[in-house]
Protein chains: 2
Amino acid sequence: MSTAERLIEATQELLWERGYVSTSPRAIQQRSGVGQGSMYHHFEGKPALALAAVRRSAEQLRAAAEADLGGEGSAAGRVRAYLRRERSVLRGCRIGGLAQDPDVVADPELRRPLEETFGWLRGRIAAVLEEGRRRGEFTAPLDPAATAAAIVAVVQGGYVLARSAASPEPFRQAVEGLIALLDAHTAP
Amino acid sequence: MSTAERLIEATQELLWERGYVSTSPRAIQQRSGVGQGSMYHHFEGKPALALAAVRRSAEQLRAAAEADLGGEGSAAGRVRAYLRRERSVLRGCRIGGLAQDPDVVADPELRRPLEETFGWLRGRIAAVLEEGRRRGEFTAPLDPAATAAAIVAVVQGGYVLARSAASPEPFRQAVEGLIALLDAHTAP
DNA sequence: GTCTATATCGAGATAGAC
DNA sequence: GTCTATCTCGATATAGAC
């Protein structure tokens, strides 16, 4: 693997584990096995490296979501698949976790991948719901955009509850609580 | 106001704005107007000060939630009041935001107020839902604990979406999406 | 491209005077 | 109780040799 590649992957891991403010160039060098001079040769500094890493993580998150949402089956089934996918719950969301970091939110360049990722995800889920609605899968009217926002929020909030409890259980409960509400709208 | 009090309030503000790792003793001194020596006289160090501040914020969060959830009216109405309460959405949750901080989650003492707060909140909302269920307010069966977890998660996740978008709108959408799902379970 | 040396600054305290 | 001085360490680079 190339040096730049190793740097990006190490930064992705550290951003996930420690967030942005708490991830140091020194730690990136140690994790990647790349030296000081080499790191600054490939990237201008910590912000540039973080930007590359965040963009990469955002791509991966979109690909994973699309694998669930783009499949065959009913709208409700695809949303359930997305909600119930296996996750490292206690690690939190690699993208959503950064929204808490003041230095990320304050920097428009660093925040943009977050905005784009969640914007895309909400839109993608809304499109799935809209498709289900057109097919007559739902028994009651349902606002696709608002419902999609609630679905994404339950996942992101589930991470917060799980990390607070040091247990994946609240995540699971929140997801199942939402699925039960959605199922009540779904024709059998 | 006492010196200790000023220190706690300044720390509460900074933890809310910047999180734990990114809040320095120096910043606390400047925000509170309390000197170095004085700060270390009243508190052993940053962890002790943060613990006092987090406990205080947790108390305040519980009091605010109880004001909505403990009122008169139907279960659904009290939950709606809780969900629609005016919030500084872009600032995020003073408690939930800390769940992303690795140093907070790694320290059992610092994490405990988070666990207790969300444990209490989920239980309190579950009790409201259970009361509504006994009164026959719901038209379909509904698991109080799971539904409560979903409700709390939507709020916490709403903050994440809003901060990512630099706009309160996704928070509002997620909350309204959830309320619409809940309303479908509620007798008119 | 990669290495080592060096620089500046703030984090997070401790010590002891007042 | 509060103040100022001092200390150590890591964050985040820059410079220049190899």
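Naming: A, B, ... by sequence-line order, numbering from 1 per chain. The structure presented is a predicted model; accordingly, all values stated were derived computationally and were not measured.
By the salt bridge (charged side-chain N to carboxylate O under 4.0 Å, His left out) test, Arg172(B) is found to be paired with Glu169(B), residues two or more places apart in sequence or in another chain being considered. For Asp183(A), the salt bridge (charged side-chain N to carboxylate O under 4.0 Å, His left out) criterion is met by Arg80(A), not counting sequence neighbours. Residues passing the salt bridge (charged side-chain N to carboxylate O under 4.0 Å, His left out) test with Arg78(B), sequence neighbours excluded: Glu131(B). Every ring-ring contact (aromatic ring centres under 6.0 Å, His included) that Phe171(A) has, sequence neighbours left out, goes to Tyr159(A). For Pro102(A), the side chain to side chain contact (heavy atoms under 4.5 Å, CB included) partners are Arg18(B), not counting sequence neighbours. The side-chain hydrogen bond (donor to acceptor under 3.5 Å, both in side chains) test applied to Asp143(B) returns no partner, not counting sequence neighbours.
Atom-to-atom, CD of Gln36(B) to P of dG10(C) comes out at 14 Å; the value is rounded to the nearest Å.
On the nucleic acid side, DNA chain D has its first and last nucleotide under 4.0 Å of a heavy atom of chain B at dG1(D) to dA5(D), going 5' to 3'.
With rounding to the nearest 0.5 Å, the separation of CD1 in Ile8(A) from NE2 in His42(A) is 10.5 Å.
Screening residues 59-75 of chain A for side chain to side chain donor-acceptor pair (under 3.5 Å), with sequence neighbours left out, gives Gln12(A)-Gln60(A), Gln60(A)-Arg94(A), Glu66(A)-Arg124(A), Asp68(A)-Arg85(A).
Within residues 13-35 of chain B, the residues having any heavy atom under 4.0 Å from DNA chain D are, by residue number, Gly35(B).
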